[in-house]
Structure formats: C-alpha cells, structure tokens
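Throughout, numbering of the chain's residues begins at 1 and tracks the sequence.
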Amino acid sequence: MIVLDRGAIAGGITARTSAHLAPLCDDLTSAMIGLRGEDISRGFYESQAAAVDRIEDIQNREDIACDFRRLDGILFQALNTDAKIIDDELDAVRKVGAPVHRIVGVTRWRAARLSTPCAVQDREHFIP
C-alpha cells in the first residue's frame with residue numbers, strides 16, 4: 001500500500017479520513033462537474049466504481065481476509081452552510097449515475113440502516 005499526500009503524511013487529507021475505497025470523489029461531485037464537466041465526472045465515477053468492484057472480486061476470489069465490506073456514504077450539511085449544497089450534490093450524483101437517495105433526519109437514517117444490511121448497501125445517502 002502507498003499513502004500519498006500533498007505534504008507530510010497525515011498533514012493533508014490523510015489527516016481527516018480513514019482508509020476507504022469510494023467510487024465518488026472525496027470532494028463534492030458537484031464541484032467536479034463544475035471543474036471537469038458531466039462526461040468526465042461520469043467517467044470518473046464509472047471507472048472508480050469498476051475499480052472497487054474489481055478489488056472486491058479479487059478479495060473474494062483470493063480469499064483475502066481484509067475485512068472488506070460495503071458501507072453507506074453519508075453527506076451531512078455542516079453548520080452555518082446553505083442547505084442548497086445538499087440539493088446541488090444530490091443532483092450532481094444523480095447526473096453521474098451513482099445510486100443515491102435523500103434521507104431526512106438521523107432517526108430515519110438509523111431506521112433505514114437497521115432494516116437493511118450494510119453488507120449489501122452500495123449507495124450514497126444525503127442527510128440535510
């Protein structure tokens with residue numbers, strides 16, 4: 001495994017994230033579309049989703065004990081930010097073809113998680 005960061009290890013993004021694979025950009029998909037356009041952003045998502053699928057396939061085929069599992073991705077609205085950011089991101093993620101839906105309120109999110117096994121979840125959730 002190789003860890004890359006702009007500066008010192010754990011001095012940039014690696015200081016704020018755990019080891020994970022994600023088919024969507026860690027930055028906002030809406031920002032990526034604004035920077036690169038829908039076609040490139042969709043291609044990025046599709047290539048990353050295929051890469052995660054391939055890693056999962058190799059892990060299963062080779063019986064690698066690495067605790068691989070699929071989990072929900074959650075985007076919460078930060079305090080003192082415009083709620084429009086959630087709407088914009090929801091639209092952007094739909095544009096690139098990723099499975100996504102909105103859940104309003106933590107109670108509903110918890111109920112959804114309890115009624116659906118995490119192992120089969122392969123979607124991003126957005127909670128305003």
Next item on the list: Evaluate the side-chain proximity of Arg61 to Ile58: yes if any heavy-atom separation is below 4.5 Å, no if none is.
Entry: yes
Checklist line | Leu28, CG: over 12 other non-hydrogen atoms inside 6.0 angstrom | finding: yes
Check: Counting only N and O atoms by type, is there a donor-acceptor contact under 3.5 Å from the side chain of Asn60 to the main-chain atoms of Glu56?
Finding: yes
Notebook entry, point to check: Are the side chains of Arg70 and Val52 in touch, meaning some heavy atoms are under 4.5 Å apart?
Noted result: yes
Next item on the list: Compare every heavy atom of Pro23 with every heavy atom of Gln48, then report the nearest pair and how far apart it is.
Entry: CB-O, 3.3 Å
Notebook entry, point to check: Do Leu75 and Leu90 have side chains that get closer than 4.5 Å, going by heavy atoms?
Noted result: no
Next item on the list: List the atom of Glu89, the atom of Thr29, and the distance in Å for their closest heavy-atom pair.
Entry: OE2-N, 2.6 Å
Next item on the list: Heavy atoms only: give me the nearest Tyr45-Leu24 pair and the separation to one decimal.
Entry: CD1-CD2, 3.6 Å
Next item on the list: Compare all side-chain heavy atoms of Asp27 with those of Met32 and state whether any distance is below 4.5 angstrom.
Entry: no
Notebook entry, point to check: Counting only N and O atoms by type, is there a donor-acceptor contact under 3.5 Å from the side chain of Arg42 to the main-chain atoms of Gly97?
Noted result: no
Next item on the list: Drop me the distance from Asp88's CG to Ile33's CD1, to the nearest 0.5 angstrom.
Entry: 10.0 Å
Check: Do you know the tightest heavy-atom contact between Ser41 and Arg36?
Finding: OG-CB, 4.5 Å
Check: Any salt bridge between Asp87 and Lys84, counting N to O under 4.0 Å?
Finding: no
Check: Do the side chains of Phe68 and Leu21 get nearer than 4.5 Å, heavy atoms only?
Finding: yes
